[in-house]
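Start at 1 and go down the list; that is how both ligands and their atoms are numbered.
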Amino acid sequence: VLDRISKQVTMLVAKNGPILGVPGLAVIQVGNRSDSSKYVEMKHLAAKKVGIASLNFAFEKDCKTEDIIGTIDKLNQRQDIDGILVQLPLPRDQKRILNTIDPEKDVDGFHPYNIGLLTRMGEELRQENKLFDPTQCRNVACTAMGVMMLLEGTDIAGKSAVILGRSNIVGLPLALMLLHRDATVTFCHSHTVDIKERCLQADILVAAMGQAEMVKGDWIKPGAVVIDVGINVQNEILVGDVDFKQAVKRAARITPVPGGVGPMTVAMLMLNTLNNRIHRLAHLKI
Ligand code: GUN
């Protein structure tokens, strides 16, 4: 996927480079949580790999919210910046800070405007007889988009998709995307009483609840496709939300942790940034 994006960036810059230069991504980190620093580092590395300029803005944990907002306001105005990402979690004022990002540069897809567009998209696609295509998206949640990319080659229409977790970042947008591909979608969460039985019905099972190895082998319908979004540290090693060793015996296809959804999420961030640039060039009045 990164190779494809890299080629697209090269072609775009060859054609339109003198207008805006290479696509640009701004990454804002507040504080120095080691997990956030690692994710931010991976985002910069991927940007470098595909030829996207990435700028880093680091703030102290106890900085003023107004300073972060001032930086976002300036980035909103910059012509060389196509994407603005604020690494989560934030120590405070998360909603206010995220809502400051121009929805046109919201490469995480967290802004209510972009969630609204994604929600509405299903009916629009059906009217036009089209299917949801993650490669055509901009400003939609990267992890959910990454899951859809990993499901390329899997039958989705009419299948039972069970999502464990209902977060704004993963579960909710993913449910919309799967619906837009005609899956029958079920959410399971902390109040669901019969999780194992629900999982056993799933043709597509997505684990995104942040509970180390909670999904056992005997929760999986033989032949199911299993996508593990969890990243948990257990006895100093990274594990997913699925007990991989057990699950791999029942699943037809399964993603590992680390190495599955994580890198695809980062790749989708690059795609959102590139697609914002393509969109802006197409609408530029010059
Ligand atoms: N923290 C964990 N996942 C994410 C993500 O997808 N985007 C941002 N901005 N922060 C995160």
Side-chain angles (χ1 to χ4, degrees), residues 1 25-47 52 54-59 61 65 68-69 71-72 75-76 81-103 105-112 114-115 118 134 137-150 163-177 206-212 227-233 238 240-241 255 257-273 275-276:
V1 173
L25 170 68
V27 181
I28 298 173
Q29 187 181 351
V30 184
N32 57 359
R33 280 177 61 121
S34 60
D35 56 345
S36 289
S37 300
K38 185 78 199 154
Y39 295 140
V40 165
E41 186 191 337
M42 291 191 306
K43 290 167 187 180
H44 287 301
L45 278 175
I52 286 176
S54 65
L55 306 182
N56 197 60
F57 296 83
F59 290 88
K61 190 173 172 202
T65 297
I68 304 169
I69 287 184
T71 296
I72 295 173
L75 291 165
N76 283 340
I81 296 295
D82 302 280
I84 303 169
L85 176 141
V86 179
Q87 187 63 33
L88 302 183
L90 284 171
R92 75 197 82 79
D93 295 332
Q94 180 160 307
K95 190 167 160 187
R96 212 179 128 211
I97 291 168
L98 291 183
N99 285 353
T100 306
I101 298 172
D102 178 351
K105 298 190 178 186
D106 171 35
V107 278
D108 256 330
F110 296 162
H111 195 286
N114 288 320
I115 308 266
L118 179 63
C137 285
R138 350 178 259 126
N139 303 320
V140 300
C142 299
T143 304
M145 203 171 146
V147 172
M148 295 307 287
M149 285 293 279
L150 288 161
I163 303 173
L164 307 180
R166 51 179 165 172
S167 67
N168 288 340
I169 297 187
V170 186
L172 278 173
L174 177 62
L176 290 168
M177 293 176 195
V206 183
M209 69 291 187
Q211 298 289 326
I227 309 278
D228 192 349
V229 179
I231 301 180
N232 313 285
V233 181
L238 280 187
D241 288 350
T255 61
V257 176
V261 172
M264 190 60 99
T265 296
V266 177
M268 293 302 97
L269 176 64
M270 302 304 128
L271 188 58
N272 272 343
T273 307
N275 284 347
N276 274 349

Heavy-atom proximity to atom 9 (N) of ligand 1 ranks first, among V266, L88, D108, for D108
For I28, which of L85, I72, L90 qualifies under side-chain contact (heavy atoms from CB on, under 4.5 Å)? I72
Looking at V86, which atoms of ligand 1 are within less than 4.0 Å of one of its heavy atoms? 8 (C), 9 (N)
Using a 4.0 Å cut-off to any heavy atom of L85, which atoms of ligand 1 qualify? 9 (N)
Starting from the C-alpha separation in whole Å, work towards a yes-or-no answer on side-chain contact (heavy atoms from CB on, under 4.5 Å) for V86 and F110. CA-CA 10 Å; V86 179; F110 296 162; over 6 Å; no
Do V40 and H44 come within less than 4.5 Å of each other through their side chains, counting heavy atoms only? yes
Set out, in order, the CA-CA distance, both residues' side-chain angles and the distance that settles side-chain hydrogen bond (donor to acceptor under 3.5 Å, both in side chains) for N114 and D106, then state yes or no. CA-CA 8 Å; N114 288 320; D106 171 35; 2.8 Å; yes
Between Q87 and ligand 1, is there a nitrogen or oxygen pair with a distance under 3.5 Å? yes
